[in-house]
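Heads up, the thing below is written out as structure tokens.
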Amino acid sequence: MKKFLLFLLLVTLSLAAGAQSQQLRFGYFSYREAFETMPGYAVMQRNLNDLKNKYDAETKRAEDEFNKKYEEFLDGQRDFAPSIRNKRQAELMDLMNRNVAFKAEAERLMGKAKAEAEAPLKAKLTAVVQKIGRDKGYAFILNTDNDATPYINPASGEDISAVVREAVVR
């Protein structure tokens, strides 16, 4: 039993020594910075901003319409018969509900449009990063955005930001 434990200890120590001599190499870069330098990014942003402006304009128009009708209701409510007042209140509630629903739908559609517009750029960036990782023999590549990696040992990792930026503009 002692010989087996000694053998197991020696095997463990030799494996640990071998692992230390073969250090993992990795790369790191800012995904956001690389993404924003891609040639299609500016066009995508402009298209998304145009779409957002259209939704914002329609939301503003609907809010203005609601405010106008609400002011008219407030000005005339004391002169309305109860049935007319109830009808106008119901119309205002319906208009308000439709405006809220439109705003929620616009946000959903903007999110969908953004995801669809970003998809080809993200696919290209992912392919570039994977190729760099394979070519340089990295075990992995880290994204340094959002303080995800507060410390990286430069002896183990390599900043590949410039390599990624150069590759995505080609």
Side-chain angles (χ1 to χ4, degrees), residues 15-16 18-73 89-170:
L15 287 175
Q20 285 180 337
S21 68
Q22 192 176 29
Q23 185 177 358
L24 286 179
R25 293 184 55 235
F26 62 91
Y28 59 92
F29 76 110
S30 168
Y31 189 94
R32 180 187 45 78
E33 286 178 19
F35 188 70
E36 290 174 359
T37 62
M38 296 181 77
Y41 179 81
V43 172
M44 178 201 68
Q45 279 301 113
R46 188 171 47 254
N47 291 342
L48 288 174
N49 286 339
D50 290 347
L51 183 60
K52 183 180 182 321
N53 290 339
K54 289 175 184 176
Y55 282 127
D56 288 347
E58 180 57 22
T59 299
K60 174 89 169 92
R61 187 205 61 76
E63 287 173 356
D64 290 346
E65 177 187 3
F66 175 81
N67 289 339
K68 180 182 174 200
K69 287 186 178 194
Y70 184 66
E71 287 173 13
E72 289 172 358
F73 172 77
Q89 283 177 331
E91 288 173 353
L92 286 170
M93 286 300 295
D94 180 55
L95 186 57
M96 184 176 68
N97 289 336
R98 283 188 290 160
N99 289 350
V100 168
F102 174 78
K103 192 170 186 176
E105 180 68 1
E107 288 177 18
R108 185 190 72 76
L109 292 172
M110 277 301 302
K112 182 180 177 193
K114 182 178 184 209
E116 289 173 358
E118 288 179 344
L121 295 176
K122 285 184 175 184
K124 180 179 179 180
L125 182 54
T126 297
V128 163
V129 170
Q130 288 174 349
K131 181 177 181 339
I132 291 169
R134 279 191 305 275
D135 293 350
K136 292 194 175 257
Y138 294 138
F140 52 88
I141 296 177
L142 297 172
N143 178 359
T144 59
D145 291 344
N146 301 321
D147 298 324
T149 51
Y151 172 74
I152 296 175
N153 184 340
S156 300
E158 179 183 355
D159 185 353
I160 61 169
S161 299
V163 176
V164 171
R165 279 193 304 271
E166 183 181 311
V168 296
V169 295
R170 282 191 253 146

**Asked** Nearest 0.5 Å, what's the CG-CE distance between Leu51 and Met110?
**Response** 5.0 Å
**Message:** Would you compute the distance between atom OH of Tyr70 and atom CD of Glu63 and round it to the nearest 0.5 angstrom?
**Reply:** 15.0 Å
**Item:** Ala117 to Met44 - nearest heavy-atom pair and separation
**Value:** CB-CG, 3.4 Å
**Request:** List the steps, then state whether salt bridge (charged side-chain N to carboxylate O under 4.0 Å, His left out) holds for Arg108 with Glu105.
**Result:** CA-CA 5 Å; Arg108 185 190 72 76; Glu105 180 68 1; 2.7 Å; yes
**Prompt:** Would you call the rings of Tyr31 and Phe35 parallel, tilted or perpendicular, where under 30° means parallel and over 60° means perpendicular?
**Reply:** parallel
**Fill in**
To the nearest 0.5 Å, atom OH of Tyr138 lies from atom CD1 of Ile132 at 8.0 Å
**Request:** Applying salt bridge (charged side-chain N to carboxylate O under 4.0 Å, His left out), run through Arg61 and Glu58 and close with a yes or a no.
**Result:** CA-CA 5 Å; Arg61 187 205 61 76; Glu58 180 57 22; 2.7 Å; yes
**Prompt:** Which atom names give the shortest non-hydrogen contact between Ala139 and Leu24, and what distance separates them?
**Reply:** CB-CD2, 3.7 Å
**Item:** Inter-residue atom distance Ile152.CD1 - Leu142.CG, 0.5 Å rounding
**Value:** 5.5 Å
**Asked** Just by distance, do the side chain of Asn97 and the backbone of Met93 share a donor-acceptor pair under 3.5 Å?
**Response** yes
**Prompt:** Salt bridge or not for Asp50 and Arg46, using N-O below 4.0 Å?
**Reply:** no
**Short side-chain to backbone donor-acceptor contact, Ser30 and Glu33, under 3.5 Å** = yes
**Asked** So how far is it from Glu91 CD to Met96 CE, rounded to the nearest 0.5 Å?
**Response** 14.0 Å
**Prompt:** Counting heavy atoms not belonging to Asp94, are there more than 12 under 6.0 Å from its CG?
**Reply:** yes
**Message:** I'd like to check Thr144 versus Phe29 (side-chain heavy atoms, cut-off strictly below 4.5 Å). Are they in contact?
**Reply:** no
**Asked** Should the pair Glu65-Lys69 be classified as a salt bridge under the 4.0 Å nitrogen-to-oxygen rule?
**Response** yes
**Message:** Using a 3.5 Å distance criterion without hydrogens, assess whether the side chain of Arg25 forms a donor-acceptor pair with backbone atoms of Glu158.
**Reply:** no
**Request:** I would like to know whether Leu121 and Val168 meet side chain to side chain contact (heavy atoms under 4.5 Å, CB included); could you show each step before the answer?
**Result:** CA-CA 9 Å; Leu121 295 176; Val168 296; over 6 Å; no
**Prompt:** Does a side-chain N-to-carboxylate-O contact under 4.0 Å join Lys60 and Asp64?
**Reply:** yes
**Message:** Is there a side-chain contact between Phe73 and Leu92 in this structure, where contact means two heavy atoms from C-beta onward sitting under 4.5 Å apart?
**Reply:** yes
**Complete:** So CD of Glu118 and OH of Tyr41: to nearest 0.5 Å the spacing works out to 7.5 Å
**Asked** Do you know the tightest heavy-atom contact between Tyr55 and Leu109?
**Response** OH-CD1, 3.3 Å
**Message:** A side-chain contact here means heavy atoms from C-beta on lying under 4.5 Å apart; do Val128 and Val163 qualify?
**Reply:** no
**Message:** Can you tell me if Lys114 has over 12 outside heavy atoms packed within less than 6.0 Å of its NZ?
**Reply:** no
